[in-house]
Amino acid sequence: MIRTAWLILRKDLTVEVRSLEIAYTTLFFAVSCVLFFAFALVKEGKAPEDGAAGILWIAIAFAGTLALGRTFERERQSETLRALLMAPAARPAIYVGKLLGIVALLVAAEMVLVPLVAFLFQAPLLSHPLWLAAVLISGTIGFAAVGTLFSAMLVRARSRDVLLPVLLYPITVPVIIAGVRATAELLEPDVELALVRFWVALLVALDVVFVTLALWTFEPLMTD
Amino acid sequence: MPKWFMPLAAINALMFAASPFLIANADYEATMGLVQKIFYYHLPSAWIFLISAIVCGIASARYLFRGSPRHDRLAYAAAELTVLFGAIVLVTGPLWARKAWGVWWQWDVRLTASLMGWMVAWAYLLVRRYGGPGSDKLAAGLALFGMANVPFVYVSVNYWRTIHPPTTVVPTLPVDMGAALWFAVACFLLLFVLLLRLRVHLEEQRARLDSLYLSLDE
């Protein structure tokens, strides 16, 4: 099971590295998103309070939606989804492989986004790098866990581009809230680590719930 | 429709007509006075909102794993009622909050989670209507996430220190307030059962019509 997931992850990464299509488009989109907010909100070199945390997460959520839409679209276009589903691999393993691919991609995008937001909004994002990494990774897993499930299911639906955000955003609201609150707390001059720890614990709990639910429902949902 | 539907609907209408008198006769709450009376409709509709989301989730799970269209129709009906009762909750809540807290809305855990549950129900309906073929399973998956949110809404007020009154208020109510409340709960519960039955009936008719069209084509 772990081996299958690893193989699918490696396959996706190989395909991605050859064209870098999703990586470039997602990153470009996320960066322009942050730039728009910087134009709109930063006045005379002064950023609004707590703005950086919100904008970082909005950029991640938007870019994540874009990336999620593309990963399964690629399988559909080259008509390899059927082959993937017919392969003698457990469905949950396929899900885990895809999920890891998305998380890897988004973490890579975050590595660019965090310094950019810190730079444009004068936010001390890198003062607690380990905590920030914990918040970002647990938040990204929660977001991608739901996203991977729904984008896989939407492959066959008619208006999939419109429906992905419709499905994804209401469910991931708690993830985004916890992520934003934790990041905002890290930006305070005197950080209250107990509060950050609480939000990270909530994020991890949400991750567990979402991944469990997704693993449970992926199989019946991907069967015709 | 089953025989019991019309008599029960009439009884339910009478109950709703009678409920304002019971609510008016209940004692005034010491600090909030008249505004508190909205609670007699807010709390029952909130419970029905959560029950409806659970019904939708369980029916969806059964549809997903067993594949019987009966459960799918039940889930669809329950999702619509989740939206309906959620709307009542989200309208009556702010009306009360404006007086009690001084603001219409607070980003408090329970309020946020309720709004999220309501949005999931909306998303369910949007997917069903615009998703095209196969969207019923997709919506069923969504309903499971909506159901996972329910216990969160319920316990949130007891674990987080929020401004929403906790669930422990209900057993401590004085007798006449409790009577008015439980009467209102019975009203809303019966209304929910009736509407659910009606809506499932409509879906059954629709499915029958579809199969008739199909057999005509053959």
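Computed from a predicted structure; not experimentally measured. The chains referred to below are lettered A, B, ... by the order of the sequence lines, with proteins before strands, and numbering in each begins at 1.
At most 12 non-hydrogen atoms from other residues, nucleotides or ligands lie less than 6.0 angstrom from CZ of A/F36. Open room surrounds CD1 on A/I2; 12 or fewer heavy atoms of other groups in view lie less than 6.0 Å from it. Annotation: B/R73, atom CZ; neighbour count of heavy atoms from other residues, nucleotides and ligands within 6.0 Å is above 12. Atom CZ of A/R91 has more than 12 neighbouring heavy atoms from other residues, nucleotides or ligands inside a 6.0 Å radius. The local environment of NZ in B/K99 is sparse, with at most 12 non-hydrogen atoms from other residues, nucleotides or ligands closer than 6.0 Å. Counting non-hydrogen atoms of other residues, nucleotides and ligands closer than 6.0 Å to CH2 of A/W6 gives a total of 12 or fewer.
Heavy atoms of A/F210 lying under 4.5 Å from chain B belong to its backbone as well as its side chain. The part of A/L163 that comes within reach of chain B is its side chain, from C-beta onward, which places non-hydrogen atoms under 4.5 angstrom from that chain. Contacts of A/L149 with chain B are made by side-chain atoms alone, with heavy-atom separations under 4.5 Å and no backbone atom involved.
Residues B/G141 and A/L221 share a closest heavy-atom pair of CA-CD1, 4.2 Å. When all heavy atoms are compared, the tightest approach of B/L144 to A/W216 is CD1-CZ3, 4.0 Å. Taking all atoms of both residues into account, the shortest heavy-atom contact from B/F145 to A/I171 is CB-CD1, 3.5 Å.
Heavy-atom proximity under 4.5 angstrom to chain A picks out B/T112, B/M116, B/M119, B/V120, B/A123, B/L126, B/V127 from residues 112-129 of chain B.
Atom-to-atom distance recorded for B/F65:CZ and A/E219:CD is 8.5 Å, nearest 0.5 angstrom. The distance from the CG atom of B/L138 to the CG atom of A/L154 is 5.0 Å, given to the nearest 0.5 Å.
By number of non-hydrogen pairs under 4.5 angstrom with chain B, the leading residue of A/I177, A/V162, A/L167, A/V146 is A/L167.
Contact check for A/V166 versus B/Y130: no side-chain heavy atoms found under the 4.5 Å cut-off.
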